[in-house]
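Here's the structure, in structure tokens; my notes come after.
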Amino acid sequence: MIDLVRRARLSGARAAERLQRILEVRKRMVDTYEQVDVFDALAWLDVRVIFKPLDGLLGAYVRGDQPGVMISTKRPLSVQRFTAAHELGHAVLAHEPSLDSPNVLRRAAYSQGAPKIPGFASYLQEIEADAFAGSFLLPNWLISHHANKHGWSRTNLSNEDTVYQMALRCGASYQATVWALQRNGIIDEQARGRLLNVPPKQIKKRLGHVTEIAEVRNDAWVLSERDSQSGVSINVGDTVTISLAQQAAAGYLWLAKTSPPTVLKEIDSKVCFDPAYLGDASMVQKFYIAEEQGAGCLAFEHKRPWESNFYEEAVFCFSVSKPEQGLSRANRARLVKSRRDLNAP
């Protein structure tokens with residue numbers, strides 16, 4: 001039995017790697033906000049995805065001439081993405097129809113086997129789909145990409161705040177990211193246990209993402225100079241902290257070039273410094289909340305206010321979306337493209 005479970009996990013992981021190669025997801029990272037676009041993968045396979053308020057279920061997979069997936073709207077985006085990847089695994093691996101409860105998350109978060117259900121084949125297919133989901137959303141190369149981009153070392157990735165930001169950039173849940181870090185040998189078992197004991201809402205609260213400002217289910221992004229020039233995909237209700245190091249002692253300050261775009265509302269601004277090291281770089285932090293769907297950019301210049309030239313520039317561009325309802329945006333986009341292709345001369 002143990003050997004069959006191991007084979008199911010290997011089969012799921014290999015299927016995820018094959019699909020990534022077919023879809024060239026690594027080459028398309030810039031176009032997909034440096035994440036693996038699971039909803040586009042489902043649309044590419046012509047699997048219809050419907051978002052509905054499901055009670056007691058995260059999602060469901062249905063086979064047939066037109067395979068389909070349902071995703072609950074009662075969960076945050078990171079959970080919806082993992083559920084979608086799990087259902088994608090069912091589709092790719094030609095599994096039987098499946099109704100997936102929160103057990104999917106418990107298995108993924110705690111590396112447990114599937115609960116005993118009638119039929120050993122059903123038991124194995126859930127483990128196989130879990131392995132597919134984890135490998136599809138959080139491949140080692142994607143984790144390495146974000147770690148290198150932000151200068152995050154193994155020590156940094158033993159810190160819950162850094163792991164949470166890694167999870168956001170990968171488009172995965174905090175718990176799934178912790179397990180992926182251990183699976184890839186970046187953290188050890190002790191660090192995994194400690195990180196899993198920290199609830200994400202505690203991390204968000206430290207970042208000022210409190211109920212008076214934003215919903216608990218929304219995310220709290222922290223962006224630095226290393227995120228400049230990268231597109232960031234967020235949801236309405238997410239908060240964003242822009243954190244930039246400035247050489248104030250030399251007269252250099254980070255100054256906004258323009259007003260915030262209409263999709264973002266500025267909530268607060270502050271400067272942090274260590275009084276024991278006067279003259280060292282200080283940190284300016286600007287806090288925003290995404291208020292409406294759309295797109296826009298925040299641009300800053302690091303300069304002396306009395307000079308026209310700037311020392312460096314940081315530009316952060318955002319795509320702000322509302323939570324999905326009904327047929328997925330990826331499915332709708334592909335249907336529109338198909339109709340255009342049919343009507344083309």
Check your understanding: Between D55 and K74, does a salt bridge (charged side-chain N to carboxylate O under 4.0 Å, His left out) hold up when you go through it step by step?
Key -> CA-CA 8 Å; D55 290 322; K74 295 186 175 183; 2.3 Å; yes
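- By the 4.5 Å heavy-atom criterion applied to side chains, S243 and M283 are counted as neighbours.
- Residue pairs meeting the ring-ring contact (aromatic ring centres under 6.0 Å, His included) criterion with at least one member in residues 215-251: none, sequence neighbours excluded.
- Under a 3.5 Å cut-off, the side chain of K201 and the backbone N or O of V216 do not form any donor-acceptor pair.
- In the hydrophobic clustering, V315 connects to no other residue, as no ILVMFWY side-chain heavy atoms lie under 4.5 Å from its own.
- When the side-chain hydrogen bond (donor to acceptor under 3.5 Å, both in side chains) test is applied to E313, the partners found at least two apart in sequence or on another chain are K257.
- The ring-ring contact (aromatic ring centres under 6.0 Å, His included) contacts involving residues 241-270 comprise Y252-H302, Y252-Y311, W254-H302, where partners must be two or more places apart or lie in separate chains.
- The hydrophobic cluster of Y33 has no other members, since no ILVMFWY side-chain heavy atom comes under 4.5 Å of it.
- Here the two rings, on F316 and Y288, have centers that are 6.0 Å apart or farther.
- S98 and Q125 get closest at one heavy-atom pair: CB-NE2, 4.1 Å.
- Within the model, atoms CD of E225 and CD1 of I242 stand 10.0 Å from one another, a figure rounded to the nearest 0.5 Å.
- For H150, the ring-ring contact (aromatic ring centres under 6.0 Å, His included) partners are W152, not counting sequence neighbours.
- Counting non-hydrogen atoms of other residues, nucleotides and ligands closer than 6.0 Å to CD of E307 gives a total above 12.
- Heavy atoms only, all atoms of each residue included: H86 and A133 are closest at N-CB, 3.6 Å.
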Practice item. Check step by step if side-chain contact (heavy atoms from CB on, under 4.5 Å) holds for L195 and Q182. Key: CA-CA 11 Å; L195 289 168; Q182 189 197 6; over 6 Å; no
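- Using a 4.5 Å heavy-atom cutoff, the side chains of W44 and D37 are not in contact.
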Check your understanding: Between S228 and E312, does a side-chain contact (heavy atoms from CB on, under 4.5 Å) hold up when you go through it step by step?
Key -> CA-CA 11 Å; S228 179; E312 59 183 325; over 6 Å; no
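- Between D40 and R28, some side-chain heavy-atom pair lies under the 4.5 Å cut-off.
- Taken from CZ in R192 to CZ in R183, the straight-line distance is 12.5 Å, to the nearest 0.5 Å.
- Closest heavy-atom contact between I143 and L138: CD1-O, 4.1 Å.
- Side-chain contact between K149 and S230: present, with at least one pair of heavy atoms (C-beta onward) separated by less than 4.5 Å.
- By the 6.0 Å contact criterion, CD on E215 is open, its count of non-hydrogen atoms from other residues, nucleotides or ligands being 12 or less.
- To the nearest 0.5 angstrom, M166 atom CE is 12.0 Å from N159 atom CG.
- To the nearest 0.5 angstrom, S135 atom OG is 10.5 Å from N140 atom CG.
- E266 places no side-chain N or O within donor-acceptor distance of the main-chain N or O of K286, the cut-off being under 3.5 Å.
- Side-chain contact between E324 and Q80 is absent, with no heavy atoms from C-beta onward closer than 4.5 Å.
- Nearest approach of P139 to Q20, heavy atoms of both residues: CG-NE2, 3.6 Å.
- When the options H146, R169, H145 are evaluated for a side-chain hydrogen bond (donor to acceptor under 3.5 Å, both in side chains) with E34, the one that passes is H145.
- Side chain of R26 to main chain of R21: no donor-acceptor pair is present (N/O by atom type, distance under 3.5 Å, no hydrogens or angles).
- Within the hydrophobic cluster formed by Ile, Leu, Val, Met, Phe, Trp and Tyr side chains joined at under 4.5 Å, directly or through other members, M70 is accompanied by I50, L54, L57, L99, L327, L335.
- Annotation: side-chain hydrogen bond (donor to acceptor under 3.5 Å, both in side chains) contacts of Y164 (sequence neighbours excluded): D219.
- Side chains of V49 and I71 form a contact here, defined as non-hydrogen atoms less than 4.5 Å apart.
- No hydrogens or angles considered: a donor-acceptor pair under 3.5 Å links the side chains of S11 and E128.
- Residue N218 forms a side chain to side chain contact (heavy atoms under 4.5 Å, CB included) with just one option from I234, D238, L77, and that option is D238.
- Going from atom CD of E292 over to atom OG1 of T262 covers 4.5 Å, rounded to the nearest 0.5 Å.
- When the side-chain contact (heavy atoms from CB on, under 4.5 Å) test is applied to A256, the partners found at least two apart in sequence or on another chain are F300.
- Salt bridge absent: D130 and R9 never bring a charged side-chain N and a carboxylate O closer than 4.0 Å.
- Between the side chains of N331 and S328, at least one donor N or O lies within less than 3.5 Å of an accepting N or O.
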Review point. Stepwise, does the side-chain contact (heavy atoms from CB on, under 4.5 Å) test hold for Q66 with D46?
Key: CA-CA 8 Å; Q66 177 57 70; D46 198 25; 3.6 Å; yes
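- For residues 305-334, the set of pairs meeting the disulfide bond (SG atoms under 2.5 Å apart) definition, not counting sequence neighbours, comprises C297-C317.
- In this structure, Y61 and E96 have side chains that are not in contact, with every pair of non-hydrogen atoms separated by 4.5 Å or more.
- Taking CD of E17 as the start and CZ of F132 as the end, the distance is 10.5 Å to the nearest 0.5 Å.
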Exercise for review: Test R329 against S321 for side-chain contact (heavy atoms from CB on, under 4.5 Å), laying out the working first.
Suggested key: CA-CA 10 Å; R329 285 187 285 265; S321 303; 3.6 Å; yes
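- If you chain together hydrophobic residues whose side chains sit under 4.5 Å apart, V5 and L10 never meet in one group.
- Of all the heavy atoms in S224 and L244, the pair that sits closest is C-CD2, 4.2 Å.
- With hydrophobic clusters built from ILVMFWY side chains whose heavy atoms lie under 4.5 angstrom apart, L4 shares a cluster with I127.
- Partners of S158 according to the side-chain contact (heavy atoms from CB on, under 4.5 Å) rule, which considers only residues two or more places apart in sequence or in another chain, are I187, A191, R194.
- For the side chain to side chain contact (heavy atoms under 4.5 Å, CB included) with L88, the lone residue among V47, V69, L19 that qualifies is L19.
- For T239 against H209, the heavy-atom pair with the smallest separation is OG1-ND1, 2.7 Å.
- Side-chain heavy atoms closer than 4.5 Å link hydrophobic residues (I, L, V, M, F, W, Y) into clusters, and following such links, possibly through other members, connects L298 to L223.
- Residue-environment remark: CZ (R14) stays at or below the threshold of 12 foreign heavy atoms within 6.0 Å.
- Neither side chain, H95 nor E126, offers a donor N or O lying under 3.5 Å from an acceptor on the other.
- Other cluster members for L253: L255, joined by side-chain heavy-atom distances under 4.5 Å among Ile, Leu, Val, Met, Phe, Trp and Tyr.
- Using a 4.5 Å cut-off on side-chain heavy atoms (C-beta onward), P200 and Q175 make contact.
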